[in-house]
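One-based numbering, in listed order, for ligands and for the atoms of each. The model shown is predicted, which means the values in this text are computed figures rather than measured ones.
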Amino acid sequence: MSVHQCFIIGSGPAGYTAAIYASRANLNPVLIEGSQVGGQLTITTEVENFPGYPDGVNPYQMMDDMRRQAERFGTTFVSGVVTEVVLDSEAERPIHKVVVDNSTEYSTYTLIIATGASARWLGLPSEKEFMGRGVSGCATCDGFFYRGKTVAVVGGGDTACEEAMYLANLCKKVYMIVRKPFLRASEIMQQRVKNNEKIEILFEHNTRQLTGEGKVSGAELVYKQGSQEEEIRHIDIDGFFVAIGHQPNTKLFADYLDLDEEGYIVVAGDSPCTKIKGVFAAGDCADRKYRQAIVAAASGCKAAIEADKYLK
Ligand code: NDP
């Protein structure tokens with residue numbers, strides 16, 4: 001079996017950028033696209049914060065542009081999902097194995113993992129129904145569309161507080177729907193949301209369903225679910241932001257690489273280097289902090305440069 005120089009797993013901004021750089025460095029990269037071609041961005045409606053698009057861009061268009069750019073320089077694309085990897089941490093010149101769709105096996109000297117993260121969702125049928133039509137997982141991406149409107153953020157962690165603060169700058173009113181009687185966020189973030197007069201925190205509320213015709217116009221909440229004081233309450237909202245945490249897509253690598261307590265791949269400092277020679281991690285699978293397309297793209301670039309350097 002021939003050994004490839006560079007394999008990339010993932011088709012978000014990190015994966016495609018790694019592919020552009022790796023193909024321009026003549027590494028003949030092969031990119032496995034995964035189940036959500038284009039990555040997390042494709043669940044947003046419009047991208048307005050990626051430099052180079054002054055009028056904003058449709059996320060599918062942007063990801064297709066990146067894909068075509070990688071293709072132009074010779075990236076090979078494989079449609080499918082990686083179901084197994086075998087990473088070699090022993091050999092002097094390790095060869096890593098990648099299995100796609102439980103059937104096709106590839107060997108490679110370098111592997112760039114750009115599998116991203118998935119936002120956690122509540123799992124309500126109406127949440128799915130209104131995805132991109134009032135339901136969002138990213139205030140920085142979609143908040144702008146709700147200028148002057150009323151929105152709700154679900155969650156009581158730092159992300160939810162950050163999203164609420166961001167939205168309070170744009171919106172008329174922001175509800176925070178928190179299932180416990182307290183916030184889990186850091187003290188400073190708690191103080192900020194509590195001191196913001198546009199933010200109303202609804203403690204001990206769970207979301208039962210979203211309502212609306214074609215787009216979100218309200219939410220049905222349950223106050224003190226399961227107790228004697230249980231009560232159904234309704235709020236009128238235009239947007240519903242879910243901020244209950246992210247799950248990095250890294251399970252496949254858990255037997256080989258160090259993952260932090262939340263499952264993000266541990267890399268050496270600012271670099272994309274993992275503890276295994278020839279294996280690099282780029283984008284949200286190794287970034288618990290920023291989770292932005294531009295940051296993911298930059299780390300994809302770094303990973304390809306490191307892969308090239310390693311091969312040489
Ligand atoms: P967290 O896991 O910290 O918080 C998730 C929040 O969502 C909790 O309030 C949790 O409630 C709530 N939640 C989870 N599942 C549900 C559900 N099914 N229904 C309703 N609510 C639910 O995630 P974050 O994304 O906020 O933060 C992740 C990590 O990143 C943290 O370590 C955080 O500190 C860090 N972070 C740091 C930032 C900063 O320093 N500026 C910014 C953003 C994140 P409950 O408490 O009841 O479990």
Side-chain angles (χ1 to χ4, degrees), residues 40 43-44 49 116-131 134-143 151-169 174-196 199-210 216 219-227 230-233 235 237 239-251 258-267 270 281 283-296 299:
Q40 286 179 85
I43 59 164
T44 68
N49 55 8
S118 307
R120 289 203 185 100
W121 299 98
L122 295 172
L124 304 171
S126 50
E127 181 184 50
K128 217 171 191 174
E129 181 190 339
F130 293 121
M131 189 65 67
V135 173
S136 168
C138 174
T140 328
C141 321
D142 296 333
V151 298
V153 177
V154 190
D158 279 319
T159 303
C161 290
E162 277 199 344
E163 304 256 292
M165 290 296 294
Y166 183 87
L167 290 164
N169 271 330
V174 180
Y175 291 104
M176 282 186 78
I177 305 170
V178 180
R179 65 182 176 181
K180 292 221 172 103
F182 54 85
L183 294 169
R184 184 201 285 212
S186 53
E187 194 54 37
I188 186 165
M189 291 307 291
Q190 294 197 29
Q191 286 315 316
R192 281 187 196 154
V193 292
K194 284 175 183 166
N195 292 336
N196 191 313
I199 299 175
E200 181 179 343
I201 307 176
L202 304 174
F203 287 110
E204 295 183 84
H205 283 74
N206 279 284
T207 311
R208 190 153 89 164
Q209 64 163 333
L210 299 168
V216 171
E220 207 174 279
L221 309 179
V222 190
Y223 174 61
K224 292 205 170 179
Q225 194 164 355
S227 79
E230 181 173 308
E231 203 180 283
I232 304 294
R233 294 178 176 174
I235 52 171
I237 48 167
F240 184 79
F241 290 80
V242 181
I244 60 171
H246 280 77
Q247 184 69 50
N249 304 320
T250 56
K251 265 198 196 125
D258 289 336
L259 308 182
D260 73 10
E261 66 281 4
E262 287 175 51
Y264 291 92
I265 296 173
V266 175
V267 288
D270 245 2
D284 286 12
C285 65
D287 175 11
R288 61 187 276 167
K289 191 165 176 198
Y290 297 105
R291 300 196 294 253
Q292 296 297 304
I294 187 71
V295 180
S299 70

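Heavy atoms only, all atoms of each residue included: Val154 and Ala160 are closest at O-CB, 4.1 Å. The two atoms that bring Asp142 and Ser136 nearest to each other are OD2-OG, 2.7 Å, heavy atoms only.
Between the side chain of Gln209 and the backbone N or O of Leu124 there is no donor-acceptor pair closer than 3.5 Å. At distances below 3.5 Å, not a single donor-acceptor pair connects side-chain atoms of Glu163 with backbone N or O atoms of Ala243.
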Quiz item: Can you check side chain to side chain contact (heavy atoms under 4.5 Å, CB included) on Gln292 and Asn49, steps first, answer last?
Solution: CA-CA 9 Å; Gln292 296 297 304; Asn49 55 8; 3.8 Å; yes
Practice problem: Take Ile201 and Val178 through the test side chain to side chain contact (heavy atoms under 4.5 Å, CB included) and record every step on the way to the result. | Solution: CA-CA 7 Å; Ile201 307 176; Val178 180; 3.9 Å; yes
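Annotation: ligand 1 has protein neighbours Leu122, Gly155, Gly156, Gly157, Asp158, Thr159, Glu162, Arg179, Lys180, Arg184, Ile244, Gly245, Glu262, Arg288, each with a heavy atom less than 4.0 angstrom from the ligand.
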